[in-house]
4 protein chains.
Amino acid sequence: MPEEPRRQARGQRRMEQLTDAAAVVFAEAGYAKATTNAIAKQAGVSPGTLYQFFANKEALAEALADRYRAELKAAHEKAFDLNMAKLPLPELVDRMIRPMVEVNLANPGFKALFSSGDLPDRLTAPTRALQQAVTGRVAEVIAARIPDLPAEQRDTAAAVATQIFAALLGTIVTAPPADRERWITELNRALVGYLSPLESA
Amino acid sequence: MPEEPRRQARGQRRMEQLTDAAAVVFAEAGYAKATTNAIAKQAGVSPGTLYQFFANKEALAEALADRYRAELKAAHEKAFDLNMAKLPLPELVDRMIRPMVEVNLANPGFKALFSSGDLPDRLTAPTRALQQAVTGRVAEVIAARIPDLPAEQRDTAAAVATQIFAALLGTIVTAPPADRERWITELNRALVGYLSPLESA
Amino acid sequence: MPEEPRRQARGQRRMEQLTDAAAVVFAEAGYAKATTNAIAKQAGVSPGTLYQFFANKEALAEALADRYRAELKAAHEKAFDLNMAKLPLPELVDRMIRPMVEVNLANPGFKALFSSGDLPDRLTAPTRALQQAVTGRVAEVIAARIPDLPAEQRDTAAAVATQIFAALLGTIVTAPPADRERWITELNRALVGYLSPLESA
Amino acid sequence: MPEEPRRQARGQRRMEQLTDAAAVVFAEAGYAKATTNAIAKQAGVSPGTLYQFFANKEALAEALADRYRAELKAAHEKAFDLNMAKLPLPELVDRMIRPMVEVNLANPGFKALFSSGDLPDRLTAPTRALQQAVTGRVAEVIAARIPDLPAEQRDTAAAVATQIFAALLGTIVTAPPADRERWITELNRALVGYLSPLESA
DNA sequence: TATGAATGAGTGTTCATTCAT
DNA sequence: TATGAATGAACACTCATTCAT
């Protein structure tokens, strides 16, 4: 009797249902104002069921952040490999940026978790994890491009670049689609401007 | 008998007491989770008193934002004048940045209002006003330095610079004091990197 | 498994519990001073539960008014039919009045909703609905008894009769039981006195 | 030095100011929802001053009721004397009713105190006093007209008549001026209908 | 007398979370 | 597993009343 696997599969589906719903509600209301009851309803499920799978609102955010992390990673792996690290910097930056913007556009809840100043302390954890996933990836690319850069400088640069990216992401996503390209260009220029001096060091 | 002025003075003091308290509580809890009762208690005052001076939580935030705006302006005016616009860019940026960092360090609630993604819609107004005060100032300086730059490019640059600044502000303020200088340097490099290409256009 | 019906039944019971409690508290304190927390406590339930079933205090009053309307209708239908419209007027009036007085005596909150001057504007709606239910019934009876009476006169008479009734209801219900019959007689005389001239028109 | 009288005069004026203001606010908001601060503001006075003259909200209502009582009495005395008690009943009733309606129309707060179902228990006192002033006057007239009527019946009749009057007053005052005369007629018919059988007893 | 800032218990309402079914 | 009724502490805000000036 394949009871167990079936159950697990069902559970898996439920969890996705719920994180999907959370993404929608976080996107509409922001994390702080999102209510678990609203998320449950959006998932077509009772509040009790939600708590069967997630210990609390925060756990839901964490799961969502994990999912975004995975999606981000997949998008990057698909669009980017370390051989590209030697491309001209503006092009390299462009190739880094685009998939992230697309993941963002495709996932309305992303921004609520990725760039948010007003969260309860404990939620900073998943937010930070999400940011660090990006930072780590950026650090890798920098390492591939400028192998001689001391680790500390490299990590600092990656952190700063990520923060610049996070800051402008909101503007890009919120902007009318027609303006989006312009803001992406600005983001590119900002990152190139910041990173290029490192290469000649 | 200076009855009236005395009373007004008392009212003035109370309002400061309350915005002070709001700053503390916003800093600790963020705007969304800050409670008016907590603010009143922090001010050593009953909730009713708070509402004698401020119509609601939002009004408190607005008043606080106004105060920060004024303080920012004063700090800038003291430390900076447009003659400096012709200094070497890194130095210019440094002179712009430092007073803002100091105002921030001195005002724990600043960040909660200045860089916050998760606010009720209506609060976006004071937040935006605060950001725009900065953006405007930056635009002025750019205009003084690169008079031929088209207005649109100038405003875009000012907006982007402000957002980069806002993004790194958190890191600077949160960082252990020993690391602060390092982060300020990075912020400087980021801004210089972004802005310098404009000069040769 | 009769899960669903059982749940619904429970919900139904809760709603009755809550309207019962509201009736008691409205009766004791009047609508304006009645607090939802007091109603919840009277129902032996937490405030949150109250709001699971009723969107707000007003909704509770509306439900209560509806219930009274239904009870009134039932009482009338049981004790009265239009064939009686041809009885001698005093007897007819008596048969109209008695069931209403009884419903009133049995429902302590009735008066608070039926005859109340000091309600928030929006609550006037259920109050008015309740009064109009009575007015409508009275108009029907008048129509059956005096078919030739122009509609406008009939409706005016019904409205006035209802108001006379509402005015004396308080006295009747408040009076010591021993005096009640006396006041009912007076109410009867008042209504007969007002209505009888219409018959000879 | 005429200090004392001047002071008293000033106090008198203040009290009038305040009862005037209370009348306005009661009329607009009803007794329950009227706030003492609103009354003070309407009087152009601070809340503290209000409490210098009136122990509480209720005392204000009492004073207002007293004033209305006096005004009513004056109006009646001006328009009516006991010789009229022998007029045909409809005319007599008309002469009783009109001045009261006029006082009502001229005093927007009257209704809030005279016919109000939803008041805190203790306020019932002034309301009742107001109603009893009317009842007493009606009883006098009945006594003059039907001297042989036993006191108990007379008082009952006066009470009932007053309540009928109170009930329809709201309709009359609220109605569009064009309809007012019609409602006054109905009130007259109701009272005549109720009272005329007493005469032939 | 007059002021108006101050009080604080209390209001209607919300929501993360639990638990009997 | 799933339900959804139930919880209750907490929230933003109000207002009759007091009191230092």
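Order of the sequence lines sets the chain letters (A, B, ...), proteins ahead of strands, with each chain counted from 1.
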Student: Regarding B/Gln17 and B/Arg14, do their side chains bring together a donor and an acceptor under 3.5 Å, going by distance alone?
Tutor: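 Checked: B/Gln17/B/Arg14 side chains pair up, N/O donor to acceptor below 3.5 Å.
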
Student: Starting from C1' on F/dT21, measure out to CD on D/Gln52 and report it in whole angstrom.
Tutor: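 Computing the D/Gln52:CD to F/dT21:C1' distance gives 13 Å.
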
Student: Summarise how protein sits on nucleotides 12-18 of chain F as a single string, 5' to 3': B when a protein heavy atom is under 4.0 Å from the base, S for sugar-phosphate-only contact, - for no contact.
Tutor: BBBBBBB

Student: If a pair satisfies ring pair (Phe, Tyr, Trp, His ring centres under 6.0 Å) and one of its residues is in residues 39-63 of chain A, list it, with sequence neighbours excluded.
Tutor: none

Student: With a 4.5 Å limit on heavy-atom distance, are the side chains of D/Leu64 and D/Phe26 in contact?
Tutor: yes

Student: Give the rounded distance in Å between these two atoms: CZ of B/Arg13 and C1' of F/dT21.
Tutor: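 Distance, rounded to whole Å: 13 Å.
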
Student: D/Asn56 versus D/Thr36: any side-chain heavy-atom pair under 4.5 Å?
Tutor: no

Student: Can you measure B/Lys41 atom NZ to F/dC11 atom C1' for me and round it to whole angstrom units?
Tutor: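 Going from NZ in B/Lys41 over to C1' in F/dC11 covers 14 Å.
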
Student: Compare side-chain N and O positions of A/Arg14 against OP1 and OP2 of F/dA2 and report whether any pair is under 4.0 Å apart.
Tutor: yes

Student: Report the distance from atom CE of A/Met15 to atom C1' of F/dA2, rounded to the nearest whole Å.
Tutor: 16 Å

Student: In plain terms, say whether D/Arg67 and D/Asp20 are close enough for a salt bridge, that is, a side-chain N and a carboxylate O under 4.0 Å apart.
Tutor: yes

Student: Any side-chain heavy-atom pair from D/Thr19 and D/Met15 closer than 4.5 angstrom?
Tutor: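 A side-chain contact under 4.5 Å is absent here.
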
Student: Write out the stems for DNA chain F, ordered by first number and formatted as range with range, counting runs of at least 3 consecutive Watson-Crick or G-U wobble pairs under 3.5 Å.
Tutor: E:2-21 with F:2-21

Student: What's the CD1-C1' distance between C/Ile39 and E/dT11, to the nearest Å?
Tutor: 12 Å

Student: May I ask you to verify if any side-chain N or O of C/Ser46 is less than 4.0 angstrom from the OP1 or OP2 atom of F/dT7?
Tutor: yes

Student: Rounded to the nearest Å, what distance is computed from the CD atom of residue C/Glu16 to the C1' atom of nucleotide F/dA5?
Tutor: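 Checked: the CD to C1' distance equals 16 Å.
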
